[in-house]
Amino acid sequence: MPMTHHPRVWMRQYCPLLLACLLLLPHGAARADSATAIDTTARPRVLSIFFGNRDAPYEILLEEGLRRGFSPTTEQAGTVLESVYLDMVDNYDPARAKLINQALKLKHGARPPFDAVILSGLPSKQFMREHGRWLADGPIIQIESDFMDIPATLDAGRFSLRQTLAIAETAADALAMLPNTRALWVVAGAGRSDIAALDAARAQLAALSERVSVRFIQVKDTEALLAEVATAPRDTALVYLRASRDGTGRRLIPATFGRQLALAANMPMFCIYEPILLQSDCLGGRVSAGPQTGKAAADLIRRLLSGHDAGPAVQLLPAPPRYRWPQIERWKIHRATLPAGADLIDYTPSIYERYKKQVWSGVLVLGLLAAALVGLMWSLGQYRKQRDTLAEFEQRWHLALDNAGQGVWDLDLRSGDAFYAPGWLAMLRLEHTTNTPGIRDAHIHPADQKRVASQLQQHLSGRTPHFESEHRMVRADGTALWVRERGQVVRRDKQGAPLRFIASMQDITEQRFAQDHIRHMATHDTLTGLPNRTLLSDRLERAMGRARRVGNRVAVIFMDLDHFKTVNDTLGHPIGDLLLIAVAGRMMPHLRETDTISRQGGDEFVILLPELDRAADAAHVCEKLQREMDEPVTLDGRALRISVSMGVAMFPDDGDTVEALLQKADVALYQVKNSGRGDYRFFSADMNRELEDQFDLESRMGGALRNGQIQWWYQPQIDLATGVLVGAEALARWIQPDGTSIPPDAFIPVAEKFGHIQQLGELALRSACTEARKWAQACGRPIPVAVNLSAVQFHRPGLTEMVRAMLTETGLPAAHLILEITESVLMEDNITTRESLAGLASLGVGLSIDDFGTGYSSLAYLKRFPVNHLKIDRAFIADLNCDPDSDTIVRTIVQLGHNLNLQVVAEGVESAAQADQLRGYGCDMAQGYFYHRALPPEHFLHVLHRA
């Protein structure tokens, strides 16, 4: 993605602010449209700090309750709620807490930005103690568990909302619903909070043990417990508390395990947590930890901020009864036995129950209409009372609409008078007004006046059957709101001219804000705030349409960060996220307003450059971005140097559809990455042919592996001092059915790219270890075998275990196996590299550096890693006796290896002169065509016998 030159001072001043805004934007309230923004400076601001993550059921339900509680009402304005997720479910993470606090300070500055703070969970309380004292100088609400968190003495301004654990009440309800119950099983896990819940259950159910047999079960073995509940007596009831870990310490998802328990149980299962109730087949119970908790916290903060009495500092929250209707039907529980006021989930009411209010409202309306009709008929005979009766009826009608949340206005087109009902005036915060139509027109937003007037005129003239419009109105205090107006001419004269028009007005501001927020989230990346793939495709489609009309060109640049995975692996994903935000911020100043930067996911960006005259314009942008990325990025006290690789596709040269251009740019990017990274390249037809060849090889590789077409041949390795065959290297050969071969340098990269390398590596190890064991048995001495490890294979987990399994399976001693790796793998020097090398060395296998001298040529890793062999690349051997520099390099490598107690192997030896020269330098072993080409296993065995 193209980036232009951007000075460091811009990064220091603006990137932290952009980081904070983009990092915290998804947790804030929906933003208003720029043209219609409502002043929110007077609205209270509240920060909610959750200990878990945004996808956890408890956090979802709690935030849902908070947002309901902070929604605007007729008595109070809405409250701005922002949420921060610590993602510290298991333990408090001081480093992550520091980063989150840094982001909050970058966004809000040093002043207290919030009027109140809500804390959920122990990590949030610790975060507030260590970092959050600056966040608010108002009240702090702590949401705690009554059975587990023992409240300390609270400072002034701190309140504790404690969630009740209604185990005894739930058990009592269960016995009332199932009177034949003789035994009660209470199940909890082995986590800290699970054990605390089980202890609370023992205390609460002590009195119940006189009525039924109560058994307390701690989850030791999940499978054994599932089998036990499946065969439990039918007169047993189950109360599931929660299970976050089993007896072995393995983590469990409480709702998922609850679903397994309910499905396996031969008895009804009750539960006490709403997240578990909603995500399992639990029957129900007196549940806590649901939206009602968030609603209670919001109500308490509203009372505190408005100066009302907030009650005691420690408050217990009720646990309302909630039950799932499908489970009630499954266990044939009579509805009359349910607790009073129980809420039924997934209950489908009868038609009468569903529309009970509407039916009675309709009856009432029909009754009123009938009464009004009778009155009207009577008034026709009572000419003197006609006007008063009609006025009274009209007043009732206006009052009914006002009470339904609709502001009514009435226009008499004959007299030019207008009537505005109290509800209409309240929406615009007007105390009183004159009865002139101009009042409404004056409060329509200037940008919408012409459109609304046109729509109304079309209806008055009879061109539309109804008047309906969504537009903005300006209140008396200057703030704006979105409204929906619906109206109709209720009386016309014989010529069709309108005489009277009546309309209602409804406030839809929150609905519009919610729609705008959803629309933004659907088209933008949540981390960087950049357009996502959907919005990019739309803009690219429009850019190509304009280019077709005016004849210009469009460029699509596919860009990713080189070695971004290393940043994530070594510094952690939070630093990786900050780096992505910083890169996005660096690109923006170097592009035009018409250009688009999009994040596709991971470290991939796409840049759209419309309205270009020539391809050189796109190349200029790529060069600017590369220069910009040369400047290091400072994050968390570290200066990170980054580089980018870019692939460019042009419209109409490389494609005329969105998919074609993106695919061609991706192909060009792939070529850059294969050629060393840190560059840009335009798409060409040769790239496409190469990619098609790779796809063809990939489609045939699976069958070749299954049918044994890919085999392992062995090239002998000779001791230069004695001339004895002392080892071999396993080399892959793809022999096609027609006898032709596909070279390894063609199909090995394909196997690495498309995921076949793991299977290929396992086959190589199994074949090599099996053959090496045969050789040792045949000649009575060990013949070590060398097997190449791909960099992709090396970085995947489980390599050490796979090698150990192969040695065990084939019976080959570990010392007879040598694994060859490239310098590039060692140069990464990350935790995965060190752990994998240490694990392999602990097995006792040998480790060899392949193609030594052609990689990064840093010698520090020879001291850090347990290497046994150096293998001189064939490029140096080929120039022996011809190039003095090659002679010097080979002699130096041999001396270096021996000084470090390493064996040195030369590959690619093709002449006696080369062998003599290597022998003179003291090189230990050699392999090459001068001795033998790679041989099939049976031919290698013959050579071994002759030797």
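Salt-bridge check for E82 with R45: passed, with a basic side-chain N closer than 4.0 Å to an acidic carboxylate O. Salt bridge annotation for R303-D299: absent, with no cationic side-chain nitrogen under 4.0 angstrom from a carboxylate oxygen. A salt bridge does not link E611 with R592: none of the charged nitrogens is closer than 4.0 Å to a carboxylate oxygen.
Side-chain N or O atoms of E59 include one that pairs as donor or acceptor with a backbone N or O of G52 at under 3.5 Å. A distance-only check finds no donor-acceptor pair linking the side chain of R324 to the backbone of D346 [under 3.5 Å]. Using a distance-only test at 3.5 Å, with no hydrogens or angles considered, a donor-acceptor pair links the side chain of S306 to the main chain of R302. In terms of modelled atom types and a separation under 3.5 Å, the side chain of H443 and the main chain of V474 share a donor-acceptor contact. In this structure, S598 contributes its side chain and P531 its backbone to a donor-acceptor pair below 3.5 Å. The backbone N or O of L535 lies less than 3.5 Å from a partner atom in the side chain of N532, making a donor-acceptor pair. For the pair Y420 (side chain) and T436 (backbone), a donor-acceptor distance under 3.5 Å is present. With hydrogens and angles ignored, the 3.5 Å screen pairs a side-chain donor or acceptor of Q449 with a backbone N or O of I444. Here the side chain of Q292 pairs no donor or acceptor atom with the backbone of P318 at under 3.5 angstrom.
For R599 and T528, the side-chain atoms include no donor-acceptor pair closer than 3.5 Å. At a cut-off of 3.5 Å, with distance as the only test, a side-chain donor of R533 or Q600 sits close to an acceptor on the other residue. Looking at E510 and S71, their side chains never bring a donor and an acceptor atom within 3.5 Å of each other. In the model, Q511 has no side-chain atom that pairs as donor or acceptor with a side-chain atom of W482 under 3.5 Å.
Between R512 and E470, some side-chain heavy-atom pair lies under the 4.5 Å cut-off. Between L344 and L338, some side-chain heavy-atom pair lies under the 4.5 Å cut-off. Looking at R429 and T479, their side chains come closer than 4.5 Å, going by heavy atoms from C-beta outward. Between L104 and L135, some side-chain heavy-atom pair lies under the 4.5 Å cut-off.
Residues P57 and P275 share a closest heavy-atom pair of CB-CB, 3.8 Å. Across R322 and L277, no two heavy atoms sit closer than the pair CB-CD2, 3.7 Å. Taking all atoms of both residues into account, the shortest heavy-atom contact from R484 to E468 is CD-OE2, 4.0 Å. Nearest heavy atom pair, residue A136 against residue F114, reads CB-O, 3.2 Å. Closest non-hydrogen pair, A298 versus L66, comes out as CB-O, 4.0 Å. Taking all atoms of both residues into account, the shortest heavy-atom contact from L411 to D417 is CD1-O, 3.6 Å.
Taking the six-membered ring where tryptophan is involved, the planes of Y347 and W325 are perpendicular, since the angle between them exceeds 60° and thus also 30°. Ring geometry, H466 versus H459: the interplanar angle falls under 30°, so the pair is classed parallel (tilted spans 30 to 60°).
Note that CZ of F419 and CG of D412 are 13.0 Å apart. Values are rounded to the nearest 0.5 Å. Atoms CZ and CG, on F651 and L609 in that order, are 14.5 Å from each other to the nearest 0.5 Å.
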Run the numbers on F467 and V489 for side chain to side chain contact (heavy atoms under 4.5 Å, CB included), then give the verdict.
CA-CA 9 Å; F467 165 72; V489 173; over 6 Å; no
Run the numbers on I141 and L304 for side chain to side chain contact (heavy atoms under 4.5 Å, CB included), then give the verdict.
CA-CA 10 Å; I141 309 301; L304 288 167; 3.9 Å; yes
Dump the intermediate steps for side chain to side chain contact (heavy atoms under 4.5 Å, CB included) on D538 and V658, then the final yes or no.
CA-CA 9 Å; D538 178 67; V658 172; over 6 Å; no
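Within a 6.0 Å sphere centred on CD of E64, heavy atoms belonging to other residues, nucleotides or ligands number more than 12.
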